[in-house]
Amino acid sequence: MCGRYTIVHTHKELIARFRVTKALIESRARFNIAPTQKVPVVIYESQRVLEEVSWGLIPSWSKEPDKFKPLINARAETLAEKPSFRSAFKKRRCLIPADGFFEWQTKAGKKIPVRITLKEGTLFSFAGLYEDRKDPAGETLRTCTIITVPANEKIAPIHERMPAILRPEDEEIWLATKPEETEKAFGCLKSYPDDQIEYYEVSSLVNSARVDTEECIAPAAKQLRLLPE
DNA sequence: CCAGACGTTGTT
DNA sequence: GTCTGG
DNA sequence: CCAGACGTTGTT
DNA sequence: GTCTGG
């Protein structure tokens with residue numbers, strides 16, 4: 001699944017990479033993005049708009065949105081049918097920019113955080129859905145969720161599932177496909193090619209959602225060797 | 001008909 | 001154990 | 001996702 | 001809002 005991620009790239013790099021023509025926010029480097037936080041997403045509203053929404057989708061039908069447990073992931077296999085996602089899948093798809101995500105690998109009963117990236121740390125986007133609701137003051141609050149797919153062979157040893165990473169050529173299809181042609185959008189939800197993916201262990205500092213510093217993406221300290229090679 | 005759920009992950 | 005907060 | 005709280009009463 | 005369970 002995907003419960004933490006990073007955007008180390010700059011605002012300018014995001015704008016250029018995703019051909020954003022209207023930016024409602026100025027994004028900043030993030031080393032440990034956690035659920036419920038505001039995240040930058042790219043939405044198509046007659047042009048590509050970069051805006052900030054809360055990570056954790058709250059369905060529009062929720063009568064007590066404040067008590068609803070936000071849905072941070074949506075399974076690709078079922079999102080076309082699930083009442084919580086179906087409508088957003090048809091009409092409210094978005095790109096969620098990222099350049100890495102964290103998974104916790106269980107090794108001998110211990111959980112080791114691992115950062116997974118594309119080669120060269122390239123900027124990419126998760127396939128996302130968003131939903132709107134009104135807060136008590138009548139303000140529209142927008143929330144989003146990250147779609148998950150089965151892990152590819154590279155990631156399988158770490159975790160059974162992974163976020164849906166869009167191939168660059170699929171981004172426009174994901175954003176612009178009409179509600180009556182969702183098979184086209186569904187076709188974008190594939191596991192990413194193994195040979196494009198890299199990963200490394202990081203410090204357990206990343207465990208705490210309060211920590212959002214460069215140390216979160218630093219490779220974990222190498223074990224001390226008594227007899228260096 | 002009305003009431004109540006509507007989600008994912010990981011772990012057991 | 002389970003829920004809330006980040 | 002993980003970390004951290006999880007309660008009441010009365011007094012300040 | 002829409003589906004499922006009773």
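Letters go in sequence order (proteins before strands), and every chain restarts at 1.
Contact annotation for A:Arg210: backbone-only contact, meaning every heavy-atom pair under 4.0 Å involves sugar-phosphate atoms and none involves a base. Within 4.0 Å of A:Pro59, counting heavy atoms only, lies no atom of the nucleic acid at all. Residue-level contact check: A:Phe102 touches neither bases nor backbone, having no heavy atom under 4.0 Å from any strand. Across all strands, A:Lys69 comes closer than 4.0 Å to base atoms (heavy-atom distances).
Distance CZ (A:Phe126) to C1' (D:dC1): 12 Å, rounded to an integer number of Å. Distance CD (A:Glu81) to C1' (E:dT2): 14 Å, rounded to an integer number of Å. Look at CG on A:Leu57: it is 11 Å from P on B:dT8, rounded to the nearest Å. Computed from coordinates, the A:Ile72 CD1 to C:dG6 P distance equals 16 Å when rounded to whole Å. With rounding to whole Å, A:Ile116 atom CD1 is found 13 Å from D:dC1 atom P. To the nearest angstrom, C1' of C:dG6 lies 11 Å from CG of A:Asp212. Rounded to an integer number of Å, the gap from CD1 of A:Ile112 to P of D:dC2 is 12 Å. Taking atom CZ of A:Arg133 as the reference point, atom P of E:dG1 lies 16 Å away to the nearest angstrom.
In this model, no side-chain donor or acceptor of A:Thr36 finds a partner on the base of C:dG5 within 3.5 Å.
Ranking E:dG1, B:dT9, E:dC3 by closeness to the A:Thr148 side chain, first place goes to B:dT9. Closest to the side chain of A:Arg86, from the set C:dG6, D:dC2, E:dT2, is E:dT2. The side chain of A:Pro83 sits closest to B:dC6 out of B:dC6, B:dT11, B:dT9. Nearest to the side-chain atoms of A:Ala34 among the listed nucleotides B:dG7, C:dG6, B:dT9 stands C:dG6. Residue A:Thr106 has its side chain nearest to B:dT11 when only E:dT2, B:dT11, C:dG6 are considered.
When side chains are defined from C-beta on, A:Leu24 does not count as touching A:Leu50, because their heavy atoms never get closer than 4.5 Å. Counting heavy atoms from C-beta outward, A:Glu131 and A:Ile58 have side chains that stay 4.5 Å or more apart. Side-chain contact between A:Thr177 and A:Thr182 is absent, with no heavy atoms from C-beta onward closer than 4.5 Å.
Lacking a ring centre under 5.5 Å from that of the base six-membered ring together with a plane angle below 30°, A:Trp61 does not count as stacked on E:dT2.
The aromatic rings of A:Trp174 and A:Phe89 are tilted relative to each other, their planes meeting at an angle between 30° and 60°. Ring geometry for A:Trp104 against A:Phe102 counts as tilted: the plane angle lies between 30° and 60°, on a 0 to 90° scale.
Look at the P atom in both B:dG4 and D:dT9: the space between them is 30 Å, to the nearest Å. Separating the C1' atom of D:dG10 from that of B:dA3 is a span of 43 Å, rounded to the nearest Å. Atom name C1', nucleotides D:dT8 and B:dA5: the rounded distance is 34 Å, in whole Å. Separation of the P atoms belonging to C:dC3 and D:dG7 is 12 Å when rounded to the nearest angstrom.
Under the 3.5 Å distance criterion, with hydrogens and angles disregarded, a donor-acceptor pair is assigned to the side chains of A:Thr21 and A:Gln47. Residues A:Arg142 and A:Ser54 bring no donor and acceptor atom of their side chains to less than 3.5 Å of each other.
Phosphate proximity of B:dT8 to A:Thr78: present, with a side-chain N or O under 4.0 Å from OP1 or OP2. Within the 4.0 Å cut-off from OP1 or OP2 of C:dG6, not a single side-chain nitrogen or oxygen of A:Arg4 is found.
Pair check for E:dG5 finds B:dC2; Watson-Crick or G-U wobble, both atom distances under 3.5 Å. The base-pairing partner of D:dG7, taking Watson-Crick or G-U wobble contacts with both distances under 3.5 Å, does not exist among the strands shown.
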